[in-house]
Amino acid sequence: MYNTNPYESNYGNRTSYAEVIKLQKELAKKVISRDCFDSSIRSICGVDVSYKNNIAYCSAVIIDKENFKIIEMVSSESKIKNPYIPSLFILRESEPILQTLKLLTKSFQILLVDGHGVLHPRRCGLACYVGISTNLHTIGVAKSLLCGNVQSNNFVNHDGETLGYALKSTNNLKKAAYISVGHKISLPTSIELVKMITKTNQFVPEPLRVADKLSKEQNSK
DNA sequence: GCGACAG
DNA sequence: ATCTTGTCGC
């Protein structure tokens, strides 16, 4: 239907922004916000993109949940095809991400995506799109808010729903990692896993922190 | 109409 | 995200 080839991103051949918005609304209904694991979680992957001139440099890093050791790192580069538009982030980053994930040879159980999941105006951020496209369990982790309000208990509400959680930095009280469901996982489990894979005095989970660093190394060569 | 707005 | 000097804080 919208995607016959999991790791190929084409937005179901949508061409206009209005059509991509319509796709997001359709996909939002397919997001599964409960845990459905068929195996225990041993490793977690993070994927991030950086830019230089007209090239997107994307890196994915798989890290062992227990000892934080790097299991595998891959990178790829591709031409930027679309502009960055708030709430339509999938236009710019989904293709580089899907292409890079194809390069991984080791397995992992959870994917961390550098952007929001259901904490999105149409409940369909980048992490949801990637999750549905690949059928992977995904969690959205963003460094700033696109919508919603942080409550005193750190949960983030939007449109009368609790859609996310602000994992505040120990050091910078201003900074936080905004966690939300991407696909096939619950919010409580998402929070638990992100906390578990985040080092002390850091607010970005290790797989994303290393992927971010690696992608920036790639674009400076 | 105006402002806000993941990376 | 990226471009960028000095500057604030641990």
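Note on naming: letters A, B, ... go to the chains in the order of the sequence lines (proteins, then strands), and numbering restarts at 1 for each one.
For the pair A/E66 and A/R42, the salt-bridge criterion is not met [side-chain N within less than 4.0 Å of a carboxylate O]. A/R209 has a carboxylate O that lies under 4.0 Å from a charged side-chain N of A/E206, or vice versa, which qualifies the two as a salt bridge.
Remark: A/R92 qualifies as a cation-pi partner of A/Y51 under the 6.0 Å distance and 45° angle criteria applied to the six-membered ring.
When the P atom of B/dG7 is taken as reference, atom CZ of A/R92 falls 12 Å away, rounded to whole Å. Atom CG in A/D212 sits roughly 16 Å away from atom P in B/dA6 (whole-Å rounding). Between A/K175 atom NZ and C/dC8 atom P the separation is 17 Å, expressed in whole Å. Remark: P of B/dC5 and CG of A/L119 are 13 Å apart, rounded to the nearest angstrom. A/K81 places its NZ atom 18 Å from the C1' atom of B/dG7, with the value rounded to the nearest Å. Distance A/I97 CD1 to B/dG7 P: 12 Å, rounded to the nearest Å. Spacing between atom CG of A/L88 and atom P of B/dC5 amounts to 16 Å, rounded to whole angstrom units. Regarding A/D48, its CG atom lies at a distance of 9 Å from the P atom of C/dT2, rounded to whole Å.
The shortest side-chain heavy-atom distance between A/D114 and A/V141 does not fall under the 4.5 Å cut-off. Side-chain contact between A/L214 and A/S75 is present, with at least one heavy-atom pair separated by less than 4.5 Å.
When each of C/dA1, B/dG7, B/dA6 is scored by its nearest atom to the side-chain atoms of A/H120, the top-ranked nucleotide is B/dA6. When distances are taken from the side chain of A/K52 to each of B/dA6, C/dC3, C/dT2, the shortest belongs to C/dC3.
Side-chain nitrogen and oxygen atoms of A/S144 include at least one within less than 4.0 Å of the OP1 or OP2 phosphate oxygen of B/dG7. Using a 4.0 Å cut-off, some side-chain N or O of A/N219 falls inside it from OP1 or OP2 of C/dT2. For the OP1/OP2 pair of B/dA6 and a distance below 4.0 Å, the side-chain nitrogens and oxygens of A/Y84 include at least one atom meeting the criterion.
Here A/Y51 does not pack flat against the base of C/dA1, since the 5.5 angstrom centre distance and 30 degree tilt limits are not both met.
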